[in-house]
Amino acid sequence: MHEITRTTTRTDRGATGTAARRRSGGPPGRRDRRPGGATVRRPDGAPGSATASHPGTRTATRRTAAVSRTAALAAVRRERDRLPHYWFAHRLLLALSGQRPVHTLLGHALPDAYDQLIALAPRAPLRPAAGRAAPVVRRCGEYRPRHGVIEAFARIASGDRLSALAFRLELGADARWRCAAVDLGPLVT
């Protein structure tokens with residue numbers, strides 16, 4: 001078995017000695033040999049990799065880091081919106097704020113809940129006052145009392161106004177979630 005002994009002396013450019021290069025078969029700091037002949041490749045930027053030893057060759061800039069951060073946040077939001085309680089909270093918000101008609105929830109609500117929505121929708125209880133920002137779902141939580149049931153709550157923010165929305169979801173025989181009940185906190189007008 002080959003054992004690597006790295007030289008830690010560096011030249012003025014930051015590269016390791018040629019002995020490490022010859023033994024590892026590649027650029028210094030990019031590959032390590034483990035006992036048994038397995039080669040481990042280090043990611044760029046990791047301690048000991050080529051980009052870490054040459055700071056001027058860094059590929060990520062602040063702009064791409066900001067784009068990556070934005071893309072990561074968008075991915076988190078998309079993943080969050082796949083959860084049934086977030087999806088329903090957003091759809092209920094759109095219907096109860098007057099941004100979408102109530103019939104968009106027709107196939108997603110049980111008859112009693114749909115009747116509640118029809119009674120609430122004409123008043124548009126979550127519609128923002130004049131000059132306020134459009135309402136958004138700030139946070140949505142859930143409680144699962146048993147399999148196939150989600151009791152959820154959502155905090156709805158519109159400017160400095162905060163409202164509460166509670167609803168119950170039930171899993172049908174066709175494996176689709178449907179809204180079974182809707183409740184709004186005390187409405188301040």
Side-chain angles (χ1 to χ4, degrees), residues 6 8 10-16 20-21 24-34 38-101 104-105 108 124-144 150-169 171 175-179 182 184-185 188:
R6 291 189 180 257
T8 56
R10 298 197 181 259
T11 63
D12 57 339
R13 292 179 58 199
T16 58
R21 184 177 290 139
S24 67
R30 294 291 301 262
R31 295 181 186 192
D32 288 335
R33 281 210 179 255
R34 290 199 174 154
T39 302
V40 178
R41 189 168 180 86
R42 293 185 183 179
D44 288 344
S49 69
T51 56
S53 61
H54 296 291
T57 61
R58 201 169 35 143
T59 57
T61 63
R62 288 179 194 215
R63 183 174 180 184
T64 57
V67 169
S68 297
R69 205 172 310 124
T70 304
L73 288 173
V76 167
R77 280 191 208 107
R78 279 192 306 273
E79 190 64 33
R80 181 189 74 182
D81 289 342
R82 288 186 183 136
L83 299 172
H85 57 288
Y86 270 98
W87 189 88
F88 272 95
H90 191 283
R91 295 308 180 275
L92 289 169
L93 168 67
L94 293 175
L96 295 175
S97 65
Q99 297 177 43
R100 297 275 190 276
T104 58
L105 291 170
H108 302 288
L126 297 178
R127 181 177 307 215
R132 287 197 178 166
V136 293
V137 177
R138 285 285 177 217
R139 183 167 186 275
C140 190
E142 68 173 349
Y143 171 68
R144 295 182 185 239
I150 297 175
E151 292 179 352
F153 67 89
R155 294 181 189 139
I156 310 295
S158 177
D160 59 348
R161 180 177 142 196
L162 192 65
S163 302
L165 171 67
F167 53 97
R168 179 182 175 97
L169 304 176
L171 189 61
R176 290 178 49 194
W177 289 99
R178 289 188 176 79
C179 185
V182 178
L184 290 168
V188 179

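Position 1 is the first residue of the sequence, and the numbers go up from there.
Remark: Leu126 CG to Arg161 CZ distance equals 7.0 Å, nearest 0.5 Å. A distance of 9.5 Å separates CG in Leu169 from CD in Glu151, rounded to the nearest 0.5 Å. The line from CH2 of Trp87 to SG of Cys179 is 10.0 Å long, rounded to the nearest 0.5 Å.
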Exercise for review: Apply the test side chain to side chain contact (heavy atoms under 4.5 Å, CB included) to residues Ile156 and Leu162: give CA-CA distance (whole Å), side-chain angles for both, the deciding distance (0.1 Å), then the verdict.
Suggested key: CA-CA 6 Å; Ile156 310 295; Leu162 192 65; over 6 Å; no
Point to revise | Derivation of the side chain to side chain contact (heavy atoms under 4.5 Å, CB included) call for Ile150 and Leu171 | key: CA-CA 9 Å; Ile150 297 175; Leu171 189 61; over 6 Å; no
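Evaluation of the ring pair (Phe, Tyr, Trp, His ring centres under 6.0 Å) rule for His85 yields no partner, not counting sequence neighbours. With sequence neighbours left out, the side-chain contact (heavy atoms from CB on, under 4.5 Å) criterion links Arg176 to His108, Asp174, Arg178. Scored by the salt bridge (Lys or Arg N to Asp or Glu O under 4.0 Å) test, Arg82 finds Glu79 as partners (sequence neighbours excluded). The side chain to side chain donor-acceptor pair (under 3.5 Å) test applied to Arg144 returns Glu142, not counting sequence neighbours. By the salt bridge (Lys or Arg N to Asp or Glu O under 4.0 Å) test, Arg132 is found to be paired with Asp160, residues two or more places apart in sequence or in another chain being considered.
Closest non-hydrogen pair, Phe167 versus Cys140, comes out as CZ-SG, 4.3 Å. Closest approach of Pro125 to Leu184, counting heavy atoms only: CG-CD1, 3.4 Å.
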Which side-chain N or O atoms in residues 88-98 pair as donor and acceptor under 3.5 Å with protein atoms at least two apart or in another chain?
{"unit_1": "Ser97", "atom_1": "OG", "unit_2": "Leu93", "atom_2": "O", "d": "2.7"}
{"unit_1": "Ser97", "atom_1": "OG", "unit_2": "Leu94", "atom_2": "O", "d": "3.4"}
{"unit_1": "Ser97", "atom_1": "OG", "unit_2": "Gln99", "atom_2": "NE2", "d": "3.0"}

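Side-chain N or O atoms of Ser158 include one that pairs as donor or acceptor with a backbone N or O of Ala133 at under 3.5 Å.
Within a 6.0 Å sphere centred on CZ of Arg138, heavy atoms belonging to other residues, nucleotides or ligands number 12 at most.
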